[in-house]
Amino acid sequence: MPRPFDVTAVEKKWQARWFDEGTYEVDNDDAREHFYALCMYPYPSGSAHQGHIRNYTFGDLVVRYQTMRGKAVLSPFGFDSFGLPAENAAIKAGSHPRVFTEARMAELKSSVLRLGAVFDWRREVYSHDPKYMKWAQAIFLAFFEAGLAYRAEAPVNWCPGCATVLANEQVLADGTCERSGDLVQRRNLEQWFFKITDYAEELLHDVDALEWPERVKTMQRNWIGRSEGVEFDLPLEVDRGRALRVFTTRPDTGFGVTYAVVAPEHPMLDVLVTDDERAAVTRLVERATQTSELERTASSDAGSGLEKRGAFTGSFVVNPFTQESVPVYVADYVLGNYGTGAIMAVPAEDERDFAFAKAHGLKIVRTIEPPEGFTEGAYSGEGAHINSGFLNGLDVASAKAAATTFLEEHANGVTKVNYRLRDWLVSRQRFWGCPIPIVYCDVHGIVPVPVEQLPVVAPDDVVMDKSGQSPLATHEGFRNTTCPVCGEPARRETDTMDTFTDSSWYFLRYADPFSEDKAFDPVQAAKWMPVDQYIGGIEHAILHLLYARFYVKALIDIGWAPGLEREPFRRLFTQGMIRLDGSKMSKSKGNLVAPEGYFDTVGADALRLFHLFVGPPADDVDWTNQTDEVIDGCARFLDRVYRLSHYDECFFHDQKNAEDDEVLREVHRTILKVTEGLERWSYNTAVAALMELLNTLSKWARRPEGAHRATLDDSLDLLLRLLAPMAPHLTAEMWEERHPGERGVHASAWPEADPAMVTRASVVMVVQIDAKVRARLDVPPEISEADATRVALAAPEIVATLGGATPQRVVARPPRLVNIIP
RNA sequence: GCCCGGGUGGCGGAAUGGCAGACGCGGAGGACUCAAAAUCCUUUGCUCGAGAGGGCGUGCGGGUUCGAGUCCCGCCCCGGGCACCA
């Protein structure tokens, strides 16, 4: 496609200028109003894919737009540079992950530069930078000292493919690893955890006030999973001094408890099992603890196999409501690490209990009257209580309250809040991550590495082999050290931290990357935080955002960040995904459409414009065989802007007339449309408004009668300023041509619409009969209801259609429409 | 199963309860050209009609309203998230 200008030369020129001159460097003490714009910390997977391009197109638009609005905009860049893909690639190539990673970083950086995205490059941060690692480790130690990091043995998710432990968050619903797809196994290992559960309530509560997509807020709430209920005792039948403690959210159904269930991991199981049942229970427990999470959860469909997934323990407990003895079962549908690991079972009102009761022939007693027509199964809805002694006749809410009081008085009951959220397992048995700065001494136990010895950096002379085991674990020089307390030989921790820890505080380092003696200066950080606009993919809706929120709250609480707001990301925008052939575009799927080809041909501005124009920014984009044509269309639009700014085929007249004035009014209306579009993330309509304006201008200036020259010049300048955040290279170039020696378009102020210029001289009013359009009339925009009615009824088409009859009713909504009901 | 989104021309999409389809892609016709590309102009929801003009149209069925793509009720379909959390 021949272009009227040299796209590549223009883009290179401006990219070099922005980079070399540090145009978008910004000081913490800048006197202008501060604005922190941030795109999510990218993993350096190589040159950018269209998802990155989309992200940085939006981010750069925000940066340039807010700058033109007179703000000091912090726009930093860096790399989430630790992670498994680099390690796997290094194993394959027999090289070091750093070599691989830094090559990928250079590629990604080149892509964002070629996109024309602007950053304060002095603030660049990357996770495997020892300067960053030092403080990542210092934070770990501070958490450790504050009791927020602890070591515990726990059943963990072990992925055989990745040869590492995974966080709950990295295990998919079907029990497979999110990365490798392998079936995750359960193992008991000593691991490091962060006590994120201490913050469950605050993390849940603070979600409400965030200006985030509702969808993301809901996901966060669901993930935290708060549930209120009662914990109480079910005394053992044989020894009423001992009891099985259970948690329930439905104390009101207590009269319907016909059995109890403990998890296979329950500590009291040994006491509960009688000799007769021991063999069967042992078999079940072994199966439950050794089989994968998948098998344990898979059979939820219609409760199949339930008879094999539970066994009678031989013991009985006493239902405090009925004083009846009920059997205790062990079953794998009860989880050991939630609540008390034991439940009261109410088959009539709980689906799972119902299925289990059916499978084992257990008694079912309804305690809530199901509605008319309800036939079979558990009923968990509203209704009046029956078969429930003192609760009879009460609705669910009142019965809950009464039952809770009863349990408090008779069964050591306490109201209790449980969360689905678990502590964050941060240990990873991998090499390419930030080492956990801990030493194990035979005498002194767990000893933190002194801060002055940080960072603990992995050695370079490692052999990345195919065993899958971290080379740190077997590297004698790394592993063997001395105890910081006593100086005797000791072992280093060889696990590294989950890479989500790196992305949990990078935005704080961006705000102050200059401090050498601390992770960030809280006074400097507070000058930018919280992030005013965070932009990233929906795939981080739970993990990254939850962890980063936790980090900030914890850092404030341990005294590292006084004065910071407790939520790091005030506004979040989640962009849609790019899909090719219906599936998400990602490197692992090999379905990337590299942007480099577009940079070389249509140019970055056209590609940016495409991403803005193709649809609502939050929606997914289907990359189809029509896409290249749409991108060409965007390039065509830019060409037309260029030609018009060179008065290509234009004619002029000297005296400004009414038509010229109306065109300028159209420009001012466009200012409103574009500004509104940018403010409410409607970039596609903002671009459309500019296209419409160009159509108007070019039609007007190319008529033989011509256009008023000064009016065209004013219009062009306004158009270029509105287009500047979207297509920065071309607008910068044209502005320089039109205003040599003056400051650039991006340094000029965002246009303000003149209120006197946005109204039209006349507008088209629609006249309907019975809601069908019968006439269109030119009327003044301020026409009154009476006048509107009068001119409507006088219109020839209306007179003809009505045929002299008096209308029953006239609805006038001046100046848009009049509807006549005959 | 539960919780969110979303169903509008051939396609991407637009529309504070007020002219459905802005803008773009694609298509058709034309101008320029020896020719093509590029560019420019016209046209383009479906349908009946030679035409003027008419009818029908926002997943389906109801409702509210002078007026519904938009609000309410009940369905269907697609996408995403969660899913033994007691």
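As the structure is a prediction and not an experimental result, all values here were calculated from the model. Below, read A as the first sequence line, B as the second, and so on, with proteins coming before strands; counting in each chain starts at 1.
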So which nucleotide does [N] pair with, by the Watson-Crick or G-U wobble rule with both distances under 3.5 Å?
N: rG9(B); value: none
N: rG1(B); value: rC82(B)
N: rA52(B); value: none
N: rG29(B); value: rC41(B)
N: rU64(B); value: none

Subject >> salt bridge (charged side-chain N to carboxylate O under 4.0 Å, His left out) partners for Arg54(A), two or more places apart >> reply: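 Partners of Arg54(A) by the salt bridge (charged side-chain N to carboxylate O under 4.0 Å, His left out) criterion come out as none, since no residue qualifies.
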Subject >> salt bridge (charged side-chain N to carboxylate O under 4.0 Å, His left out) against Glu782(A), all qualifying residues, sequence neighbours excluded >> reply: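 Checked Glu782(A) against salt bridge (charged side-chain N to carboxylate O under 4.0 Å, His left out); zero matches.
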Original post:
Less than 6.0 Å separating the ring centroids of Tyr547(A) and Trp223(A)?
Top reply: no
**OP:** Please find out if less than 6.0 Å separates the ring center of Tyr329(A) from that of Phe356(A).
**Re:** yes
Original post:
Which residue pairs pass the side chain to side chain donor-acceptor pair (under 3.5 Å) test with at least one member in residues 811-822 of chain A, sequence neighbours excluded?
Top reply: none
Rounded off to whole Å, could you give me the [atom1]-to-[atom2] distance for the [X] and [N] pair?
X: Asp619(A); N: rA14(B); atom1: CG; atom2: P; result: 7 Å
X: Arg579(A); N: rC78(B); atom1: CZ; atom2: C1'; result: 10 Å
X: Tyr333(A); N: rA86(B); atom1: OH; atom2: P; result: 13 Å
X: Ile224(A); N: rA83(B); atom1: CD1; atom2: P; result: 14 Å
X: Glu214(A); N: rG80(B); atom1: CD; atom2: C1'; result: 16 Å

Apply side-chain hydrogen bond (donor to acceptor under 3.5 Å, both in side chains) to [X] and list each qualifying residue two or more places apart in sequence or on a separate chain.
X: Arg221(A); result: Asp208(A)
X: Tyr259(A); result: Tyr333(A)
X: Asp620(A); result: Arg579(A)
X: Thr696(A); result: none

**OP:** Taking only the side-chain heavy atoms of Ile542(A) (C-beta and beyond), determine which of rA86(B), rC82(B), rA14(B) contains the nearest atom.
**Re:**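 Selected nucleotide: rC82(B).
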**OP:** Check whether any side-chain N or O of Asn684(A) sits under 3.5 Å from a backbone N or O of Val614(A) as a donor-acceptor pair, and report yes or no.
**Re:** no
I want to check one thing: is the phosphate of [N], taken as OP1 and OP2, less than 4.0 Å away from some side-chain N or O of [X]?
X: Arg643(A); N: rC40(B); result: yes
X: Arg809(A); N: rG67(B); result: no
X: Tyr338(A); N: rA86(B); result: yes

Subject >> Sequence neighbours excluded - salt bridge (charged side-chain N to carboxylate O under 4.0 Å, His left out) pairs with any residue from residues 675-694 of chain A >> reply: Arg69(A)-Glu679(A), Glu676(A)-Arg680(A)
Original post:
How would you label the contact of Arg680(A) with the nucleic acid (heavy atoms, under 4.0 Å): base, sugar-phosphate, or nothing?
Top reply: sugar-phosphate
**OP:** Treat primed atoms plus P, OP1 and OP2 as sugar-phosphate and everything else as base, then score nucleotides 18-28 of chain B 5' to 3': B for base contact with protein heavy atoms under 4.0 Å, S for sugar-phosphate contact only, - for none.
**Re:** BB--BBSBS--
**OP:** Applying side-chain contact (heavy atoms from CB on, under 4.5 Å), name anything that partners Glu785(A), two or more places apart in sequence or on another chain.
**Re:**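 Scan of Glu785(A) (side-chain contact (heavy atoms from CB on, under 4.5 Å), adjacent residues dropped) gives Ala812(A), Pro814(A).
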Nucleotides 51-57 of chain B: which of its N/O atoms have a protein N/O under 3.5 Å away?
none

Could you list, one pair per line, each protein nitrogen or oxygen that sits under 3.5 Å from a nitrogen or oxygen of nucleotides 42-49 of chain B, together with the distance?
none

